[in-house]
Amino acid sequence: MTNEELWQIVLGEIELSISKASYITWFKNTNVLSNKDGQIVISVPNAFTKEWLENKYSKIIQKALRNISKDIKETSYVINYKKEAESAKKKKKKKVPSKLEVSILDEQLDFNQITVDKKTNLNPRYSLDNFVVASFNELAHAAAQSVIKSPGRTYNPFFIYGGVGIGKTHLLQAIGNKIAKENSSKKIIYVSSEKFTDDVISAIAKGEMDKLKNYYRKIDVLIIDDIQFLAGKEKTQEEFFHTFNTLYENNKQIILSSDRPPKAIPTLEERLRSRFEGVMIADIGHPDLETRIVILKTKIKDLNLELPDEILNYIASNVQTNIRELEGALNRILAFVKLNNSIPAQNQVVKILKNIISNPQKRTTHKNIIKIVAEFYDIDPKDLTDRSRKKELVKPRQVAMYLLRWELKSSYPFIGAKLGGRDHTTAIYACEKITKEKENNDSFEEELNLIRQRLYNYTS
Ligand code: ADP
Ligand code: MG
């Protein structure tokens with residue numbers, strides 16, 4: 001083991017036993033300078049840190065060192081000014097982006113920020129090619145396909161509803177974009193309800209209602225997003241009602257979205273509400289963990305980037321609210337990658353996403369991991385925790401060790417103790433082995449993902 005490896009393990013142990021703030025303050029930029037005859041010299045960046053480590057942390061440092069090697073007897077600390085200068089340079093590079101930087105990068109990384117088409121008001125970034133379909137949205141997607149195939153005929157009007165950030169606007173615009181591509185002669189307009197309302201109000205104010213009527217009633221495909229905002233706006237609803245009827249009678253396609261089904265929109269005029277009865281209403285639900293992972297993978301593939309599965313799993317299992325937040329979390333990680341030119345370590349990932357994930361879920365326990373791994377490999381959990389040296393238990397035990405480390409940040413001695421009363425070196429070896437295997441073997445990686453999915457769907 002090199003000095004660096006030794007120190008990384010020690011730091012790993014210490015990080016788990018003290019507060020994050022203390023860890024960062026006192027252990028950043030420390031290293032093992034030499035290790036000879038049981039004497040370890042640790043280099044520290046300044047006198048203050050030296051004093052602090054000697055007085056306050058020497059015990060836990062000693063303990064962590066002895067966990068690794070019984071031969072270590074004495075620890076001393078020296079100030080390494082050169083190292084300090086180097087790490088100051090490094091530090092400059094390896095920083096977590098500030099809020100401002102993140103928001104700038106959020107924009108830069110926004111998927112193909114292309115301007116909106118002036119004629120149709122459609123944003124070409126929304127397409128069906130980058131719309132992930134799974135059980136939560138397959139009905140809406142299938143209906144969308146029919147609408148694209150024969151606009152104005154099969155599902156008219158087509159009404160999509162669902163919660164915030166789960167893809168209503170994306171699907172609506174993707175339909176518009178696709179029809180526009182296939183039928184360049186068709187007049188397609190996408191408007192938000194706010195824009196529609198503004199148009200009505202300003203037409204009334206200018207006395208140009210006829211012009212407005214002409215405009216909206218000559219459309220082949222009219223897409224209005226978020227019609228729940230029409231609630232209570234009588235004049236707008238009236239205009240919408242007439243527009244709706246004209247288009248409908250002329251077999252023009254109408255596509256609408258709302259955050260709830262039409263029946264549940266308060267103060268939607270009765271005649272409008274009854275208009276929606278019996279039409280094609282498709283809801284979009286919430287993507288499950290597996291789908292959230294697929295969505296993240298699709299997004300990074302679109303950007304020609306790669307991130308380790310651990311990070312994607314962390315995001316997907318912690319950001320459950322909606323797809324917009326999922327993208328937000330991913331953008332922050334990508335911002336870090338861009339700024340630092342390196343993939344963040346797990347503790348950095350947690351830090352970067354702290355604002356988004358206010359309460360990282362206590363998602364699982366070591367017992368669950370053992371249980372799920374045992375179930376997966378069809379063995380008795382006891383076999384994993386006992387000392388048994390049966391050959392067929394080697395791999396499941398290593399997988400369990402790896403998951404304990406990655407999912408729970410368990411310390412190596414803890415992992416060793418829980419899985420067969422092994423020592424920490426066995427745990428370290430297991431984690432390294434699995435990491436390597438995973439990198440070299442796609443089907444094994446898939447296997448690990450399946451276990452993880454079971455882990456997070458596990459709720460007792
Ligand atoms: P809503 O209109 O329901 O509030 P959006 O359509 O604005 O949600 O979606 C939020 C974000 O999530 C958008 O950036 C969108 O591209 C993305 N998104 C939504 N659904 C999907 C999906 N099925 N596949 C890929 N990305 C999606
Ligand atoms: Mg929307």
T169 vs D225, side chain to side chain donor-acceptor pair (under 3.5 Å): CA-CA, chis, key distance, verdict: CA-CA 7 Å; T169 299; D225 209 350; 2.6 Å; yes
If every non-hydrogen atom of [X] is compared with every non-hydrogen atom of [Y], which pair is closest and at what distance?
| X | Y | result |
| --- | --- | --- |
| S193 | I224 | OG-CG2, 3.8 Å |
| A316 | Q320 | O-CG, 4.3 Å |
| A430 | M401 | CB-SD, 3.4 Å |
| D380 | A374 | C-CB, 4.2 Å |
| Y412 | C431 | CE2-SG, 3.8 Å |
| I14 | A64 | CG1-CB, 4.5 Å |

Using a 3.5 Å distance criterion without hydrogens, assess whether the side chain of [X] forms a donor-acceptor pair with backbone atoms of [Y].
| X | Y | value |
| --- | --- | --- |
| S257 | D226 | yes |
| R397 | R389 | no |
| E327 | R324 | no |
| N177 | Q173 | yes |
| R66 | I61 | no |
| H366 | K418 | no |
| K50 | V44 | no |
| N137 | A134 | yes |
| N322 | I166 | no |
| K119 | I188 | no |

Would you check if [X] and [Y] make a side-chain contact, meaning some heavy-atom pair closer than 4.5 Å?
| X | Y | result |
| --- | --- | --- |
| I40 | L6 | yes |
| N123 | Y190 | no |
| S192 | F229 | no |
| Y377 | L384 | no |
| T120 | I223 | no |
| I333 | L353 | yes |
| L307 | V337 | yes |
| L448 | I434 | yes |

With salt bridge (Lys or Arg N to Asp or Glu O under 4.0 Å) as the test, would you mind laying out the steps for E432 and K436 before giving the verdict? CA-CA 6 Å; E432 281 170 358; K436 249 193 225 129; 5.9 Å; no
Please indicate whether [X] has more than 12 foreign heavy atoms, meaning atoms of other residues, nucleotides or ligands, lying under 6.0 Å from its [atom1].
| X | atom1 | answer |
| --- | --- | --- |
| N341 | CG | no |
| K438 | NZ | yes |
| N55 | CG | yes |
| Y429 | OH | no |

So how far is it from [X] [atom1] to [Y] [atom2], rounded to the nearest 0.5 Å?
| X | Y | atom1 | atom2 | answer |
| --- | --- | --- | --- | --- |
| H424 | I415 | NE2 | CD1 | 11.5 Å |
| L122 | S127 | CG | OG | 12.0 Å |
| D283 | Y161 | CG | OH | 4.0 Å |
| R422 | I428 | CZ | CD1 | 15.0 Å |
| N331 | F336 | CG | CZ | 15.5 Å |
| E325 | L330 | CD | CG | 13.5 Å |

D37 bridged to K73 by N-O distance under 4.0 Å: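 Not counted as a salt bridge, because no side-chain N and carboxylate O are separated by less than 4.0 Å.
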Under a 4.0 Å threshold between the charged nitrogen and the carboxylate oxygen, would E407 count as salt-bridged to R452?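 A salt bridge links R452 with E407.
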For the residue pair Y126 and H170, categorise the inter-ring angle as parallel (less than 30°), tilted (30 to 60°) or perpendicular (more than 60°).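 Ring orientation, 0 to 90° scale: perpendicular.
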So, S388 and D386: side-chain donor and acceptor under 3.5 Å apart, yes or no?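 Note: S388 and D386 side chains miss the donor-acceptor criterion.
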Run the numbers on H141 and L128 for side chain to side chain contact (heavy atoms under 4.5 Å, CB included), then give the verdict. CA-CA 9 Å; H141 178 258; L128 286 180; 4.1 Å; yes
Carefully, step by step, assess N347 and E15 under the rule side chain to side chain donor-acceptor pair (under 3.5 Å). CA-CA 10 Å; N347 58 347; E15 193 181 358; 2.8 Å; yes
Assess whether side chain to side chain contact (heavy atoms under 4.5 Å, CB included) is satisfied between F136 and I284, documenting all intermediate values. CA-CA 6 Å; F136 77 109; I284 302 183; 3.8 Å; yes
Where do N340 and S342 land on the side chain to side chain donor-acceptor pair (under 3.5 Å) test, with the steps shown first? CA-CA 5 Å; N340 298 295; S342 73; 5.4 Å; no
Test side chain to side chain contact (heavy atoms under 4.5 Å, CB included) on V399 and F444; report intermediate values, then the result. CA-CA 11 Å; V399 167; F444 179 62; 4.0 Å; yes
Show your reasoning for whether side chain to side chain contact (heavy atoms under 4.5 Å, CB included) applies to L65 and T75. CA-CA 9 Å; L65 281 166; T75 319; 4.0 Å; yes
